[in-house]
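Scope of the values below: all heavy atoms of this structure, side chains included, with no hydrogens, waters or symmetry mates. Every chain is numbered from 1 and lettered A, B, ... according to where its sequence line falls, protein lines coming before strand lines.
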Protein chains: 4
Amino acid sequence: MPNKNSKGNTKNRIIESAKKLFAEQGYQKTTVMEISKQAGLSEAALYEYFQGKEDLLLTIPDLWVSELIKDLKEQLFGIKGSFNKLRKFLWWYLRRIEEAPLDAKIVYLFLKTNANFMDTEVYSNVKILYSYLIDIFEEGRTSGEMKPDLNPYFARTIFIGTMEHIVTRWLLKDMSYSLFDNLEDTFDLMVDAYRSK
Amino acid sequence: MPNKNSKGNTKNRIIESAKKLFAEQGYQKTTVMEISKQAGLSEAALYEYFQGKEDLLLTIPDLWVSELIKDLKEQLFGIKGSFNKLRKFLWWYLRRIEEAPLDAKIVYLFLKTNANFMDTEVYSNVKILYSYLIDIFEEGRTSGEMKPDLNPYFARTIFIGTMEHIVTRWLLKDMSYSLFDNLEDTFDLMVDAYRSK
Amino acid sequence: MPNKNSKGNTKNRIIESAKKLFAEQGYQKTTVMEISKQAGLSEAALYEYFQGKEDLLLTIPDLWVSELIKDLKEQLFGIKGSFNKLRKFLWWYLRRIEEAPLDAKIVYLFLKTNANFMDTEVYSNVKILYSYLIDIFEEGRTSGEMKPDLNPYFARTIFIGTMEHIVTRWLLKDMSYSLFDNLEDTFDLMVDAYRSK
Amino acid sequence: MPNKNSKGNTKNRIIESAKKLFAEQGYQKTTVMEISKQAGLSEAALYEYFQGKEDLLLTIPDLWVSELIKDLKEQLFGIKGSFNKLRKFLWWYLRRIEEAPLDAKIVYLFLKTNANFMDTEVYSNVKILYSYLIDIFEEGRTSGEMKPDLNPYFARTIFIGTMEHIVTRWLLKDMSYSLFDNLEDTFDLMVDAYRSK
DNA sequence: AATGAATGAGTGTTCATTCAT
DNA sequence: TATGAATGAACACTCATTCAT
């Protein structure tokens, strides 16, 4: 069971093991011994790579969210129209979550509980990620696609709220259905709030 | 510090103490000893009233959400118009949360992490609470206030998502501003998605 | 289940409850609360009748063994011949144990573990009980039925050892067979050790 | 007092410490902390070697009885005559008990109380140990030394009963005299029960 | 780079017992 | 005679973390 021979170096093995166990059992119930055993090395060795258990919890989504940021710019590149960009953002984000549900579970369920979440690299990176939405809404207003008096921040609240609700529900229901079920309809409904009449 | 003389019986004292400490420090970091000391009795005495720490965690929001359900019906009674009802629901809910931020914190931040959350009384009560929204959206569609093809479930996803996002952000930011800031504008924006043109 | 209405006074109800529970689960695993619940009263009330749990453990077999002593004299009265008396002793003793297996279990399995057993009334009463055997063996030697050089103490060691072994085995095997199985043959074999040739 | 430097590895140190304390104070009254302190290490370290307190209780006599079995065959080897073998068995057994009174105390006083005793490796090993006696009695009958109609099982009941009674009495009296006092006479008396006339 | 061995500090929970009423 | 309420004192067991090798 321990993925001793999986490709990737030791550090990655540890991350993957921790990710899996955190997602499965939660942060508190997962022991360092379980993680190291799963990673195929000793507990002591784990401390050569990470400062401790909490460090591990914070590192995992940090890597993931960093990647997301890098990816997002490229994804939105060349897309014309604010609604199209909005749609792209949503579909892209959910695709990434579907591809990395363990990371998502950690961010959405376990990290928010952590007292230090707000001081986290992850938090500020998520803020960066979500700041793109402000640009999109502003572009929509400027271009006339969206309401002329649209407040981008309020618009974003609705967008993120809806999106995160969809994700959280899916995670809590153990990813037992497709994240994209009814997405089209819900999106169409939501954007009507932004659309200029 | 221990509220030995606070009104209410012992059981309530324990609940209030636990609520406060869970909300302040999180479930895991709070010890049974702290709770009992805060409640002004011995650790052993606490076990006369609750089966244990987890029982306490689950009981607290259970009581709160049960009350909410009782209250909601009355609050919506006599209100005319689906948009008015929607508005009432939102304002009422946020008011209740503002009044009981400790309960809210437990439900929104700590309970969802708990592996057993989905099997909880709280979860099913929240579902009941949110089922009222379906009725409201259906009424809106029927009455012609809302789009004739409005799917109440998708509409609700947006509504709950937005609402919970507002609440969660507020809780994570340590309730440092008013929950009602910008609420009017955000609500107005959101309901445009439902409104028949 | 609690035998609130059983005949006998409260003290007896407590004894019977304790006896049952000690025998079923052992002394250590039985709690005072279980005993008092079984007896149909509160924990605190139990302390009106007994000094505590250990007092209870020691009282139970004390009563039983006291009764045994009273009975034994009568049982042996009028029996002629030392072998007949020996036989009577054995059959009588096993009958009493069969009738009161709970008491027997407590004496044989739980009391011996107790650090204070040797200072117990029970211990000295058992000594009295077993002292009758010395008389019997001496009578046997004097009468010529038994070996002229028979040492009553060594003879008794064999008798008691055999008897207690039979009892202990039966108790450990959960009284799943008759205590009298093969008793006749074993007795006949044993007494050949005493018989004068 | 802690035997940190005693020869033997850590596991053995723990066993010896536990053995001593169990025998002195009983199983229940001995705490894990006492055992580990006596062994010269931390409580937590003890759990690296044993699963817990009960595991320790069961392991101790397990090792001892296993050794006994290995030894017995060798001890009986080369001895001629069933009475001689019987005598050897008794003397050997008591010698072993005299050498390891702590183990004996645990087996005779504390283990039998344990609810799981009958499912124990120790129990089945003791059965093996005692099965040799059946062979001896059968040999005695066949060779003519013993009664032609001697039932080996009944004979063994007397033998084991007597032997265990001698041991138990000695243990309860805190090993304050020699286990071999009067052994010769008692043995001679007992075997007359088996002897063919 | 890796680990066997060890531990300090905790942690929830149990339970016999007491006492005011 | 009875008890509801309370508690002091334990206690077995866990686990993240350290360090000599």
> Between residues 22-32 of chain A and DNA chain E, which residues have a heavy-atom gap below 4.0 Å?
Replying inline: none

> When you measure from every atom of DNA chain F, which of residues 46-53 of chain D have a heavy atom less than 4.0 Å away?
Replying inline: Tyr47(D), Gly52(D), Lys53(D)

> Leu41(C) side chain: which of dT3(F), dA6(F), dT3(E) is closest?
Replying inline: dT3(F)

> Given pairs defined as Watson-Crick or G-U wobble with both distances under 3.5 Å, what dot-bracket annotation applies to DNA chain F, with ( ) intrastrand, [ ] crossing, | other strand and . unpaired?
Replying inline: .||||||||||||||||||||

Tabulate below the donor-acceptor pairs under 3.5 Å that side-chain atoms of residues 39-53 of chain A make, not counting sequence neighbours, or state none.
unit_1   : atom_1 : unit_2   : atom_2 : d
Ser42(A) : OG     : Ala45(A) : N      : 3.1
Lys53(A) : NZ     : Tyr27(A) : O      : 3.2
Lys53(A) : NZ     : Thr30(A) : O      : 2.9

>> Applying salt bridge (Lys or Arg N to Asp or Glu O under 4.0 Å), can you list everything that pairs with Asp103(B), at least two apart in sequence or on another chain?
In response: Lys19(B)

>> I'd like to check the ring pair (Phe, Tyr, Trp, His ring centres under 6.0 Å) partners of Tyr108(C); sequence neighbours left out, ordered by chain and number.
In response: none

> Counting only N and O atoms by type, is there a donor-acceptor contact under 3.5 Å from the side chain of Glu16(C) to the main-chain atoms of Arg13(C)?
Replying inline: no

>> For Glu121(D), give me all partners under salt bridge (Lys or Arg N to Asp or Glu O under 4.0 Å), at least two apart in sequence or on another chain.
In response: none

> Thr10(A) has a side chain; which of dA2(E), dT7(E), dT17(E) sits nearest to it?
Replying inline: dA2(E)

> For Asp55(C), what residues pass the side chain to side chain donor-acceptor pair (under 3.5 Å) criterion, not counting sequence neighbours?
Replying inline: Thr59(C)

> Can you name the side chain to side chain donor-acceptor pair (under 3.5 Å) partners of Lys105(A), sequence neighbours left out?
Replying inline: none

> Roughly how many Å is it from CE in Met33(D) to P in dA10(F), rounded to a whole number?
Replying inline: 10 Å

> For Glu54(A), what residues pass the side chain to side chain donor-acceptor pair (under 3.5 Å) criterion, not counting sequence neighbours?
Replying inline: Asn114(A), Asn116(A)

> For Thr120(C), what residues pass the side chain to side chain donor-acceptor pair (under 3.5 Å) criterion, not counting sequence neighbours?
Replying inline: none

